[in-house]
Amino acid sequence: MNEPTWRKPAGVLAILVMLTVWAVAVAMLSAVVGGWHWVLQLAFYLVAGIAWLWVLPMRRMLLWMETGRWR
């Protein structure tokens, strides 16, 4: 049986912080994005929601939590 590691609780906390920061950043942009054409708004929120900008960092965080390595 593997020993518990501090990386998992630290990683979960870091993930929660990252998602909170991301959500606040997107919400702050909503005033600007709200003035755009609806198609541009849709594209923005799809990219922000599916998040090429947070899925990739999250993948590395999960890898680090499991292995202790970033790659």
What pairs with W64 under ring pair (Phe, Tyr, Trp, His ring centres under 6.0 Å), at least two apart in sequence or on another chain?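 W64 satisfies ring pair (Phe, Tyr, Trp, His ring centres under 6.0 Å) with W6, W70 once adjacent residues are dropped.
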Linked, directly or transitively: [X] and [Y] (ILVMFWY side chains, under 4.5 Å):
X   : Y   : result
M58 : L63 : no
L29 : V24 : no
V32 : M28 : no

Minimal non-hydrogen separation, A27 against S30, with atom names: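 What the structure gives for the nearest pair is O-OG, 2.6 Å.
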Which heavy atom of G11 sits nearest a heavy atom of M61, and at what distance?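 The pair with the smallest heavy-atom distance is CA-SD, 4.0 Å.
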Donor-acceptor contacts, no H, no angles, side chain residues 39-47, under 3.5 Å, sequence neighbours left out:
unit_1: Q41; atom_1: NE2; unit_2: G34; atom_2: O; d: 3.3
unit_1: Q41; atom_1: NE2; unit_2: W36; atom_2: O; d: 2.7

Any M65 side-chain heavy atom under 4.5 Å of L62 side chain: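 A side-chain contact exists here, since the closest heavy-atom pair is under 4.5 Å.
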Can you list every pair that meets side-chain hydrogen bond (donor to acceptor under 3.5 Å, both in side chains) and has a residue in residues 7-16, with sequence neighbours left out?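 Of all non-adjacent pairs touching residues 7-16, those that pass side-chain hydrogen bond (donor to acceptor under 3.5 Å, both in side chains) are K8-E66.
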Members besides V17 in its Ile/Leu/Val/Met/Phe/Trp/Tyr cluster (side-chain heavy atoms under 4.5 Å):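 Listed partners: V21.
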